[in-house]
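To keep things clear, I will list the structure first and then write my remarks on it.
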Amino acid sequence: MKFRTTSVVMAAGVCLAATAGAQLIGPIPPATPPTPEYVPPEKRDVPPAQVEVPEVEPPAPSIVEKSESGKLKPLKGTAEEAAVAAYKLDAPRRERVERVAAARKLDLDRFVVQNLDKVLAARKMREKVENASAFDELFAARDVVVALRFERLIDRLEREKAITMAQRVRLDETLLGYDKARKGEIDAAAGNDPTRSAILNLRQTFFDSTGEVFESLHRQMRDVYTHWGQVREVLKLRPVQLEEMERLKESHTAPQQAQLEERFLCETLDLEQQRAAMTARLASRSARPEK
């Protein structure tokens, strides 16, 4: 009886130990099935991955033309206008470019009217800048250039998606080539004197930066003069102004036309009258966009 009791106790201890071990180890996972034998896929003709092909554009056109004397020929309009005109574009894109350029031209005219006092002040500086022979004479001109800065044509064309990025790069190459040729001509005119060359280049920067602005001013002067009968209705002119206007219009000859238009607006009308006259014409042009 004593032996049997001991056997029972020992059996119970084995069971408890087995139970405790199972709790510590956890359930025994099933055996891992054998790995199937690797079978390579059948060989097939797989098309190559699609690669985006960069847009191909023709080489940048050159706007550098020289006369028989070796001097650069004057451009028609600005360098950017000349570059865009020389670039080969298909008919739909050319039409879009011209439409965006026309809208920018109207915006430039509005900009000139809004900043008319600064434009007229810059215009009075032209002769001084052209004859400047020292840096200090050009410092005031630098401030004018900053005040009259307007969005470049190529920037506008790219922003309005009238040209692609690749076309923009080509146009920039065209302008870089022209600037390089012109700088070489300026350096030669300065006798390769660094100081003299810097002064001449600053002069050129002034005229490049104000050229379109002055052209806009003159264009609007001509427009006001041509449509004077319509414009005068919106102005409160003094009797002496009316007399001067009539006298000027009756006593000019064709070669004096440009000087007459300038005197007509800049001497006879005060600043606010000039602004009002140009604003009236801008409203008319906006209602009937120029073709």
Side-chain angles (χ1 to χ4, degrees), residues 75-85 94-126 129 141-163 168 171 175 205-237 241 245 257-258 260-291:
L75 297 175
K76 293 181 179 180
T78 66
E80 291 196 8
E81 289 173 338
V84 171
R94 175 65 66 184
E95 181 180 355
R96 185 169 184 175
V97 163
E98 291 176 354
R99 185 168 62 251
V100 172
R104 175 184 174 275
K105 182 178 178 181
L106 190 59
D107 287 343
L108 174 62
D109 287 352
R110 294 190 183 102
F111 173 82
V112 167
V113 173
Q114 292 168 0
N115 297 275
L116 188 58
D117 53 338
K118 297 183 180 69
V119 174
L120 294 176
R123 201 158 156 275
K124 290 180 179 179
M125 297 179 64
R126 283 187 305 181
V129 170
R142 178 188 57 189
D143 296 334
V144 168
V145 167
V146 173
L148 296 180
R149 187 172 294 160
F150 190 73
E151 184 180 29
R152 296 174 59 203
L153 173 60
I154 293 180
D155 290 340
R156 178 69 170 263
L157 293 176
E158 183 185 2
R159 180 168 64 83
E160 296 286 344
K161 301 188 185 307
I163 58 174
R168 163 65 187 265
L171 289 169
L175 294 171
T205 298
F206 174 85
F207 290 114
D208 287 345
S209 302
T210 58
E212 275 194 301
V213 169
F214 292 157
E215 175 55 34
S216 169
L217 176 66
H218 298 154
R219 179 170 60 247
Q220 294 188 77
M221 284 181 177
R222 291 191 296 271
D223 188 59
V224 169
Y225 181 84
T226 302
H227 298 86
W228 175 243
Q230 171 193 349
V231 172
R232 63 179 293 176
E233 299 299 327
V234 303
L235 300 179
K236 296 179 180 179
L237 297 175
Q241 288 179 310
M245 290 292 184
Q257 184 70 36
L260 176 66
E261 291 162 358
E262 180 176 344
R263 290 180 58 193
F264 193 74
L265 267 79
C266 295
E267 295 182 15
T268 307
L269 301 180
D270 61 36
L271 179 63
E272 291 309 313
Q273 288 174 326
Q274 294 170 41
R275 199 190 305 273
M278 292 181 181
T279 300
R281 286 302 305 151
L282 275 174
S284 178
R285 289 170 53 202
S286 298
R288 294 184 177 182
E290 296 178 353
K291 297 182 179 180

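The figures here come from the full heavy-atom set of this structure, side chains too, leaving out hydrogens, waters and symmetry mates.
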message: If I compare all heavy atoms of Val100 with all of Ala162, which pair ends up nearest, and what's the gap?
response: CG2-CB, 4.0 Å
query: Any salt bridge (charged side-chain N to carboxylate O under 4.0 Å, His left out) pairs touching residues 141-152, not counting sequence neighbours?
result: Glu80-Arg152, Glu151-Arg156, Glu151-Arg159
- line: Of all heavy-atom pairs linking Leu153 and Ala101, the shortest is CD1-CB, 4.1 Å
- prompt: Any chance CD of Glu95 has more than 12 other-residue heavy atoms, nucleotides or ligands included, within less than 6.0 Å?
  reply: no
message: Whether the side chain of Thr210 engages the backbone of Val213 through a donor-acceptor N/O pair (distance < 3.5 Å, no angle test) should be reported.
response: no
message: Donor-acceptor check, side chain of Gln273 to backbone of Leu235, threshold 3.5 angstrom: yes or no?
response: no
field: Non-neighbouring partners of Asp117 that pass side-chain hydrogen bond (donor to acceptor under 3.5 Å, both in side chains), sequence neighbours left out
entry: none
Set of residues satisfying side-chain hydrogen bond (donor to acceptor under 3.5 Å, both in side chains) with respect to Glu160, sequence neighbours excluded: none
task: Grab the two heavy atoms, one from Phe111 and one from Ala147, that are nearest each other, plus how far apart they are.
output: CZ-O, 4.0 Å
message: With rounding to the nearest 0.5 angstrom, report the CZ to CZ distance, Phe207 to Arg126.
response: 8.0 Å
message: Regarding Arg222 and Glu215, does a basic nitrogen lie under 4.0 Å from an acidic carboxylate oxygen?
response: yes
field: Point-to-point distance, once rounded to the nearest 0.5 Å, from CZ of Arg110 to CZ of Phe150
entry: 9.5 Å
- prompt: Taking NZ, NE, NH1 and NH2 as the nitrogens, is one of them in Arg285 or Asp223 under 4.0 Å from a carboxylate oxygen of the other?
  reply: no
- request: Report the C-alpha separation of His218 and Arg123 in whole Å, then their side-chain angles, then the decisive distance to 0.1 Å, and conclude whether the side chain to side chain contact (heavy atoms under 4.5 Å, CB included) test is met.
  value: CA-CA 11 Å; His218 298 154; Arg123 201 158 156 275; 3.3 Å; yes
field: Over all atoms of both residues, closest heavy-atom pair of Val119 and Phe214
entry: O-CE2, 3.8 Å
message: Just to verify, which of Gln114, Arg104, Arg219 counts as forming a side-chain hydrogen bond (donor to acceptor under 3.5 Å, both in side chains) with Asp109?
response: Arg219
query: If you measure from CG on Asn115 to CG on Leu217, what distance do you get to the nearest 0.5 Å?
result: 12.0 Å
query: Are Val84 and Ile163 close enough that some pair of their side-chain heavy atoms sits under 4.5 Å apart?
result: no
message: Could you measure the distance from the CG atom of Leu282 to the CD atom of Gln220? Nearest 0.5 Å is fine.
response: 5.0 Å
message: Quick one, Met221 with Gln274, criterion side chain to side chain contact (heavy atoms under 4.5 Å, CB included). Give me CA distance, side-chain angles, the key distance, then yes/no.
response: CA-CA 9 Å; Met221 284 181 177; Gln274 294 170 41; 5.9 Å; no
message: For the residue pair Ser216 / Glu212, report whether a side-chain donor-acceptor contact shorter than 3.5 Å exists.
response: no
field: Test side chain to side chain contact (heavy atoms under 4.5 Å, CB included) applied to Val145 and Asp208, step by step
entry: CA-CA 9 Å; Val145 167; Asp208 287 345; over 6 Å; no
task: Test Val231 against Met278 for side chain to side chain contact (heavy atoms under 4.5 Å, CB included), laying out the working first.
output: CA-CA 8 Å; Val231 172; Met278 292 181 181; over 6 Å; no
statement: Heavy-atom closest pair (Ala280 atom, Val234 atom, distance to 0.1 Å) is CB-CG2, 3.9 Å
message: Could you report the tightest heavy-atom contact between Val144 and Met125, atom names first, then the distance?
response: CG2-SD, 3.4 Å
